[in-house]
There are 2 protein chains.
Amino acid sequence: MQDNNINFREQLKERGYKLTSQRQAVLDVLLDHEGQHLSTEEIYELVKRKNPDIGLATVYRTLLLMDSMELVYKLDFDDGLSRYEINKHTEDHRHHHLICTQCGCVAEVEEDLLESLEEQILRKNKFVVKDHRVKFYGLCEKCFNKLKQL
Amino acid sequence: MQDNNINFREQLKERGYKLTSQRQAVLDVLLDHEGQHLSTEEIYELVKRKNPDIGLATVYRTLLLMDSMELVYKLDFDDGLSRYEINKHTEDHRHHHLICTQCGCVAEVEEDLLESLEEQILRKNKFVVKDHRVKFYGLCEKCFNKLKQL
DNA sequence: CCTAGTATGACTATATATTTCATTTCATTC
DNA sequence: GAATGAAATGAAATATATAGTCATACTAGG
């Protein structure tokens with residue numbers, strides 16, 4: 001935890017930014033909700049619990065900043081708002097998302113398995129892949145079983 | 001072309017919708033710009049050339065309708081607006097997009113190669129994949145060469 | 001041709017996200 | 001530890017994409 005704070009301050013300093021209590025508070029919320037995909041509004045509400053005076057604009061600005069620093073992943077699950085997830089840097093490649101078109105739940109796949117495709121893209125399209133986003137749409141186990149019973 | 005119109009009328013009829021000159025005009029524009037990824041606003045401007053009295057709301061409604069009928073793909077290239085592409089139904093699986101983070105150009109990969117991943121997802125996550133969206137971010141050939149020279 | 005129901009266009013409403021600007025806070029120097 | 005300049009903040013205003021309302025017009029089918 002303390003490590004995260006020191007790193008955060010250092011990373012901000014490298015880019016000429018300052019560590020403020022608001023930025024710290026946003027980071028804390030993201031760390032405390034690691035597996036989740038929170039919207040800006042949700043993050044704002046959570047931050048306000050410990051930091052009631054923070055403004056929504058600051059949360060927007062902080063998330064924008066963190067996205068540019070690659071501290072967070074900005075996600076889009078087609079519900080009209082941006083969602084964020086902390087980037088742990090522990091995996092080399094990011095995970096994929098499974099979006100249930102029935103109930104809207106979102107699960108994760110840890111496996112990546114896109115290396116061979118990316119190599120092929122480099123060879124055939126001469127496009128150097130740096131990153132990717134993969135979303136799978138379909139039915140989660142619960143919804144599949146429900147539909148099967150009908 | 002005539003085929004497309006007849007199909008369109010039939011498909012609309014199946015769902016209790018009517019074929020109007022506005023809907024036809026939007027379809028025509030999409031057919032005339034097949035390889036492109038047009039935004040709603042761009043489609044509106046193109047439709048207005050032959051159909052100057054059409055309203056923007058109608059274009060929005062028509063694209064929403066076509067998306068629900070799976071006549072178009074709704075795309076998101078992170079520029080804050082929805083883009084559309086006609087769905088030709090000729091391929092079993094859709095193509096992927098290569099987005100250059102330098103110049104913003106978007107190319108396509110015809111290969112899919114996600115079958116084995118989808119099988120694995122079914123086995124391990126018990127999630128039945130119906131569709132997917134894959135975006136690769138990186139550098140196109142031009143931008144890569146430009147950066148190499150520096 | 002008439003009719004019922006759908007679609008349209010102009011306008012308004014909503015919701016997310018960004019910008020403005022005066023004030024406050026941070027981090028560095030003396 | 002106080003002073004200083006730059007950067008960050010909050011409240012409000014603004015931008016922008018999309019959706020909803022409603023009176024009028026059009027479509028498809030008899």
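Each chain gets a letter, A, B and so on, in the order the sequences are listed, and its residues count up from 1.
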Residues at least two apart in sequence or cross-chain that pass ring-ring contact (aromatic ring centres under 6.0 Å, His included) with A:Y17, listed by chain then number, are none
Taking every non-hydrogen atom, the tightest pair across A:F127 and B:Y137: CE2-C, 4.0 Å
Provide, to the nearest angstrom, the distance between the CG atom belonging to B:D76 and the P atom belonging to D:dA17. 13 Å
Residues in contact with DNA chain D, drawn from residues 46-63 of chain B - heavy-atom cutoff 4.0 Å: B:A57, B:Y60, B:R61
In chain order, what residues pass the side-chain hydrogen bond (donor to acceptor under 3.5 Å, both in side chains) check against A:K124, with sequence neighbours excluded? B:E111
Separation of atom OH in B:Y84 from atom P in D:dA17, rounded to whole Å: 13 Å
Helical bend (five base pairs per end, nearest 10°) for the helix from C:dC1-D:dG30 to C:dC30-D:dG1: 30°
note: B:Y44, atom OH; C:dA10, atom C1'; distance rounded to Å ~ 10 Å
Hydrogens and angles aside, do A:N7 and A:Q11 bring a side-chain donor and acceptor to less than 3.5 Å of each other? no
How does protein contact run along nucleotides 22-30 of chain C, one letter per nucleotide 5' to 3', with B for base contact, S for sugar-phosphate only, - for none, heavy atoms under 4.0 Å? ----BSS--
Take the protein atom CZ of A:F8 and the nucleotide atom C1' of D:dA8, then report the distance between them rounded to whole Å. 13 Å
With a 4.5 Å heavy-atom cut-off, do A:Y84 and A:L38 have their side chains touching? no
From C-beta outward on A:R23, which listed nucleotide comes closest to its side chain: D:dT18, D:dA8, C:dA17? D:dA8
Side-chain ion pair, B:D78 and B:K135, N-O less than 4.0 Å: yes
What residues join A:L147 in its hydrophobic cluster, counting side-chain heavy atom gaps under 4.5 Å, either direct or through other members? A:L139, A:F144, A:L150, B:L122, B:V128
To the nearest angstrom, how far is A:R83 atom CZ from C:dA17 atom C1'? 15 Å
Write down the distance between CG (B:D67) and P (D:dA17), rounded to a whole number of angstrom. 19 Å
Got A:L98 and A:V106 here, is their nearest side-chain heavy-atom distance under 4.5 Å? no
For A:H97 together with A:F77, are the ring centres under 6.0 Å from each other? yes
Test: B:E34 and B:K88 ion pair at under 4.0 Å: yes
Check whether any side-chain N or O of B:S82 sits under 4.0 Å from OP1 or OP2 of D:dA17, and answer yes or no. no
A:E118 and side-chain hydrogen bond (donor to acceptor under 3.5 Å, both in side chains): which partner among A:R123, A:K130, A:H132? A:H132
